[in-house]
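Reading through the structure tokens given below for one structure.
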2 protein chains.
Amino acid sequence: MTPLDETDKRLLAILQAEGRLPIQELAARAGLSTSPCWRRVRKLEESGVIRGYAALVDARAVGLLTRAYVHVSLVDHSEETIRRFDAFVAQEPQIVECASVTGADDYLLKVVARDPEALEHFLMHRILRLGIVRASTTHFVLGQKKETTVLPLD
Amino acid sequence: MTPLDETDKRLLAILQAEGRLPIQELAARAGLSTSPCWRRVRKLEESGVIRGYAALVDARAVGLLTRAYVHVSLVDHSEETIRRFDAFVAQEPQIVECASVTGADDYLLKVVARDPEALEHFLMHRILRLGIVRASTTHFVLGQKKETTVLPLD
DNA sequence: GCTGAAAGGAGAATGAG
DNA sequence: CTCATTCTCCTTTCAGC
């Protein structure tokens with residue numbers, strides 16, 4: 001848990017954009033040689049700063065043309081209700097984000113689907129039929145202006 | 001643009017979870033040998049189905065403890081206003097998601113910050129001071145239940 | 001801590017069957 | 001798709017700054 005120095009941040013910035021870059025090139029771009037570069041990356045991985053590596057798939061190319069943000073309120077806040085909702089979210093691959101949030105509603109979900117009809121069907125038949133959702137408000141995405149996995153590192 | 005077969009989908013599913021897996025292991029897990037596996041992956045990359053590879057960084061580990069979703073309405077919908085807002089979003093690394101959405105507001109942003117104060121400061125001094133935001137509603141994230149880059153592939 | 005070099009082994013990438 | 005081959009890159013260890 002030792003804080004990141006400027007070199008670590010440079011490595012992370014590069015790897016966030018190009019996760020498969022060979023250590024040699026990474027080292028060259030960050031201005032150090034391969035041995036310490038390799039050691040640093042390994043440390044970042046082991047300490048959990050780098051949670052993993054992922055291929056980023058284009059949603060359109062796999063036929064997922066529709067997405068929406070859905071505000072959700074539960075019927076109550078018993079342990080059992082929350083547990084069931086969490087389990088549902090975890091197990092449902094169409095839900096790609098879920099956070100409990102401040103405001104009038106309990107959760108904000110991000111849902112992907114093939115088309116608006118499929119999304120509506122998912123809302124009606126999978127979420128609302130759970131029997132634990134009191135109310136929901138859906139915001140369909142008209143245009144995705146930005147969507148990045150890159151976090152700012154000051 | 002040829003549609004994905006089951007083997008492609010299996011490769012994508014694996015690579016979405018482990019983007020740095022060696023081709024040999026990937027091939028073994030998907031049940032084919034290395035050459036055709038490598039060729040398929042290359043095709044997926046070139047055709048844009050795989051947009052790229054990224055190291056996933058743990059937000060907490062780099063001191064980003066706070067995030068929020070922000071609904072935003074612009075003062076007007078002139079080309080100039082929209083252009084300025086888009087440019088701002090694109091250039092601002094703390095904004096990790098931005099979509100224009102249906103509903104009462106124009107945009108929904110996802111913003112990350114060091115702490116709630118830094119987030120409030122970002123909203124007040126960077127977004128609202130643009131002079132083109134009419135109204136905004138902020139939902140602070142209390143708990144991130146799910147956050148994945150993995151898309152469902154049917 | 002860092003660099004540079006060097007070595008063996010692993011994996012990427014291609015061509016032919 | 002399999003097989004075989006070439007060549008790049010990874011990974012480790014050493015030396016020395």
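Because the structure is a prediction, the values reported are computed rather than measured. Worth knowing before you read on, the calculation uses all heavy atoms, side chains too, and leaves out hydrogens, waters and symmetry mates.
- Not one side-chain nitrogen or oxygen of Arg39(B) sits closer than 4.0 Å to the OP1 or OP2 atom of dA12(C).
- Taking the side chain of Pro36(B) as heavy atoms from C-beta on, and the options dT3(C), dC1(D), dT14(C), the nearest nucleotide is dC1(D).
- Salt-bridge check for Arg134(A) with Asp105(A): failed, with every basic side-chain N at 4.0 Å or more from each acidic carboxylate O.
- For Arg40(A) and dC2(C), the CZ to C1' distance is 9 Å, given to the nearest whole Å.
- Taking the six-membered ring where the residue is Trp, Phe85(B) and Phe88(B) present tilted rings, their angle falling between 30° and 60°.
- Between its opening and closing five pairs, the helix from dG4(C)-dC14(D) to dG17(C)-dC1(D) changes axis direction by 20°, a value rounded to 10 degrees.
- Of the residues in residues 16-24 of chain B, Pro22(B), Ile23(B), Gln24(B) come within less than 4.0 Å of DNA chain C through at least one heavy atom, sorted by number.
- Tyr69(B) pairs with exactly one of Thr137(B), Thr138(B), Leu108(B), Val111(B) by the side-chain contact (heavy atoms from CB on, under 4.5 Å) rule, that one being Leu108(B).
- In this structure, Ser35(A) reaches the bases: a heavy-atom distance under 4.0 Å links it to at least one base atom across the strands shown.
- Interatomic distance, Ser47(A) OG to Arg42(A) CZ, rounded to the nearest 0.5 Å: 11.5 Å.
- Atom-to-atom, CG of Leu11(A) to P of dC2(C) comes out at 10 Å; the value is rounded to the nearest Å.
- To the nearest 0.5 angstrom, Thr149(A) atom OG1 is 5.0 Å from Leu56(A) atom CG.
- Following rounding to the nearest Å, Glu25(A) (CD) and dC9(D) (P) show an atom-to-atom distance of 8 Å.
- No close placement of the Tyr53(A) and Tyr53(B) rings is indicated, their centers lying 6.0 Å or farther apart.
- Taken together through direct or relayed side-chain contacts under 4.5 Å among Ile, Leu, Val, Met, Phe, Trp and Tyr, Val89(A) and Leu151(B) form parts of separate hydrophobic clusters.
- By the 4.0 Å N-to-carboxylate-O rule, Arg20(A) lies close enough to Glu45(B) to be salt-bridged with it.
- Every residue meeting the side chain to side chain donor-acceptor pair (under 3.5 Å) condition with His77(B), not counting sequence neighbours, appears here in chain and number order: Asp106(B).
- Here the C1' atom of nucleotide dT11(D) and the NZ atom of Lys43(A) are 18 Å apart, to the nearest Å.
- Counting to the nearest Å, the C1' atom of dA5(C) and the CG atom of Leu32(A) are 16 Å from each other.
- Here Trp38(B) reaches the OP1 or OP2 of dA13(C): one of its side-chain N or O atoms lies under 4.0 Å away.
- Going from atom CZ of Arg42(A) over to atom C1' of dT13(D) covers 14 Å, rounded to whole Å.
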